[in-house]
Amino acid sequence: MESSKEIVIVGGGITGLSAAYYLQKEIKEQGLPYKVKLVEASSRLGGKISTLKKDGFTIERGPDSFLSRKTPAVKLAKEVGLDDQLVRNGTGQAYILVNNKLHKMPRGSHMGIPTKARPFLFSNLFSFKGKMRAGFDFVLPKGKEVQDQSLGGFFRHRFGNELVENVIDPLLSGIYSGDIDDMSLMATYPNFYRLQQDHKSLIKGLRKTLPKSPRSTKKKAGVFYTFKDGFESLVKQTEQKLDKGTITLNVAVDHIEKKDHGYHLLLSSGEVYKADAIIIAAQHETLPKVFSQYDFFHEFDLVPSTSVANVAMAFDQSAIKRDINGTGFVVSRTSDYRITACTWTHKKWPHTTPEGSVLLRCYVGRPNDQEVVDLTDEEIKDIVLEDLNKTMNITQAPKFSVITRWRNARPQYTVGHTERITKIRGKMAEMLPGVYLAGSSFEGVGIPDCIEQGEKAVDNVLEFLR
Ligand code: FAD
């Protein structure tokens with residue numbers, strides 16, 4: 001008979017919650033004598049997932065959706081009984097704001113890379129010279145094999161600056177709230193590196209490997225999912241499935257000590273939890289603090305985090321004088337705007353907005369405009385309204401606005417990220433056996449990536465304890 005073991009999870013965002021869920025599932029299925037505790041520093045679960053219901057609107061303060069083709073999130077939704085709550089986004093024209101003008105995203109763009117010649121050649125998003133330069137991708141030799149390089153540098157080399165600045169940068173840097181020129185290719189889009197190595201030309205590689213879109217007149221299905229009752233329903237439903245007494249809120253793990261047998265976790269409440277294995281599902285800044293006696297965690301000082309503010313504004317339909325038929329736009333650095341993106345939420349996610357109303361969701365906080373996040377609500381509101389007015393001609397004040405500041409909440413995968421994480425994991429295996437890292441600072445920021453990392457950490461813990 002195996003002896004009883006304690007597993008502690010640090011952090012109750014989606015990573016920690018999914019780890020707790022899958023651990024308890026395995027423990028029950030395999031009849032293991034293990035106990036799971038999850039310690040969350042704040043007063044609520046969900047971390048960056050936060051839904052606000054107000055006057056009939058469903059407002060996502062953090063993530064609003066996830067890519068449906070990435071399976072771990074759909075799998076978790078099914079596990080916790082939310083599959084009938086999954087909703088796909090409404091599709092429509094996406095726009096890009098370049099040099100202060102809205103342009104349609106050319107048809108056939110994949111992450112900004114053109115895969116169809118005609119829409120690209122006829123697009124007024126690029127100059128003749130810019131179009132010619134993008135064509136170099138067909139003739140340039142494949143790049144040298146390197147361990148990593150800057151995402152921006154990689155695309156600039158293949159397509160030139162114009163394609164990068166007008167389309168690729170606004171699309172990709174928004175996903176990470178980062179600077180494309182600092183970001184790591186291998187930690188964010190290693191598939192582009194491999195395509196280029198295998199096919200020489202990225203465009204040719206994409207054309208060969210992307211699934212063919214069916215020649216149908218039917219409207220295409222959206223590629224994102226959210227939950228009818230708000231993203232936070234995933235958090236609540238997962239929590240419901242956990243054993244009673246699993247979760248401790250309002251208590252931070254302040255320090256972790258390695259002992260002869262396992263670990264002691266010193267909590268902000270003054271209590272000490274014993275653990276045989278630990279999953280750290282908190283952002284990387286936590287590690288040098290809780291493991292202050294281990295210098296190698298200072299490697300994380302090279303992983304910066306950026307801040308953003310999410311601004312949701314609700315209007316009467318009549319307030320919008322220039323309605324645009326589409327789902328939103330991203331903003332290029334060449335535009336004189338401070339918002340970086342705007343989703344027409346009422347069109348992309350109609351279930352979030354009452355009839356006759358409009359819900360716009362914008363972001364501010366480019367890497368070179370971090371101070372905007374510290375302005376007052378009134379100042380941020382004015383900045384956003386001024387920008388929106390330029391494109392949509394808004395004649396009435398919003399019915400209400402909701403501003404959510406996310407300070408240092410977006411970990412930046414800068415060049416060398418994957419090697420850094422591998423190095424830290426190697427040191428941990430040697431010096432802190434049974435402690436595992438999972439979550440947005442390490443191997444992917446998207447919700448499905450975080451859930452997948454939670455599942456992987458569960459496998460590691462079970463193997464370690466066996
Ligand atoms: P977190 O959600 O950060 O949770 C970590 C938890 O650990 C927190 O609750 C924290 O309080 C706790 N903690 C920290 N230190 C301690 C400690 N010492 N002791 C105990 N607890 C501790 N992804 C998408 O897929 N789609 C999107 O649309 C999308 N939009 C986003 C929009 C915004 C504004 C942001 C900020 C992120 C967005 N993301 C999106 C990314 C995604 O939301 C995050 O990567 C993901 O939610 C991170 O989950 P996590 O559990 O790893 O971390």
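Just so we're clear, the structure is a prediction, and the values are computed from it rather than from any experiment. These values consider heavy atoms only, across backbone and side chains, with no hydrogens, waters or symmetry-generated copies.
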Without hydrogens or angle criteria, can the side chains of H298 and D301 be said to hold a donor-acceptor pair below 3.5 Å?
-> yes
Determine whether the side chains of T58 and E60 contain a donor N or O and an acceptor N or O closer than 3.5 Å.
-> no
Across all chains, not counting sequence neighbours, the ring-ring contact (aromatic ring centres under 6.0 Å, His included) partners of F231 are F227
State, without any angle test, whether S233 and Q85 hold a side-chain donor-acceptor pair at a distance under 3.5 Å.
-> no
Considering residues at least two apart in sequence or located in another chain, which fulfil the side chain to side chain donor-acceptor pair (under 3.5 Å) criterion with R44?
-> none
Check the surroundings of atom NZ in K289: do more than 12 heavy atoms from other residues, nucleotides or ligands lie under 6.0 Å from it?
-> no
Can you tell if the side chain of M392 reaches within under 4.5 Å of the side chain of L360, non-hydrogen atoms only?
-> yes
No-hydrogen, no-angle side-chain donor-acceptor test under 3.5 Å, K347 and Q93 | no
So the ring-ring contact (aromatic ring centres under 6.0 Å, His included) pairs with at least one residue in residues 79-122 (sequence neighbours excluded) are F120-F126
Could you list the residues that satisfy ring-ring contact (aromatic ring centres under 6.0 Å, His included) with F442, not counting sequence neighbours?
-> F300
Using side-chain contact (heavy atoms from CB on, under 4.5 Å) as the criterion, list what pairs up with R88, not counting sequence neighbours.
-> S68, A221, Y225
Should we say atom CD of E29 is surrounded by more than 12 heavy atoms from elsewhere, each under 6.0 Å from it?
-> yes
Kindly write out the residues that satisfy ring-ring contact (aromatic ring centres under 6.0 Å, His included) with W344, not counting sequence neighbours, or none if the list is empty.
-> F329
ring-ring contact (aromatic ring centres under 6.0 Å, His included) contacts touching residues 140-168 (sequence neighbours left out) = F155-F192
Contacts of S292 meeting side chain to side chain donor-acceptor pair (under 3.5 Å) (sequence neighbours excluded), chain-then-number -> none
Test side-chain contact (heavy atoms from CB on, under 4.5 Å) applied to E355 - qualifying residues, sequence neighbours left out | none
Would you give me the side-chain donor-acceptor pairs under 3.5 Å for residues 199-207, sequence neighbours excluded?
residue, atom, partner, partner atom, Å
S201, OG, D137, OD2, 2.8
S201, OG, I203, N, 3.2
S201, OG, K204, N, 3.0
R207, NE, T115, O, 2.9

Are more than 12 heavy atoms from other residues, nucleotides or ligands located less than 6.0 Å from atom CG of N124?
-> yes
Inspect the surroundings of CZ in R194 and state if more than 12 heavy atoms from other residues, nucleotides or ligands are less than 6.0 Å away.
-> no
Polar side chain donor-acceptor pair, S150 to R156, under 3.5 angstrom | no
Just jot down the ring-ring contact (aromatic ring centres under 6.0 Å, His included) partners of H417, sequence neighbours excluded, or say none.
-> Y413
Check the surroundings of atom CZ in R133: do more than 12 heavy atoms from other residues, nucleotides or ligands lie under 6.0 Å from it?
-> yes
Can you name the side chain to side chain donor-acceptor pair (under 3.5 Å) partners of D169, sequence neighbours left out?
-> S173, R333
The single option from Q412, R407, R410, E285 passing side chain to side chain donor-acceptor pair (under 3.5 Å) against S305 | E285
Within 6.0 angstrom of K390 NZ, more than 12 heavy atoms from elsewhere | yes
Does the side chain of E165 come under 3.5 Å of the side chain of T334 through a donor N or O and an acceptor N or O?
-> no
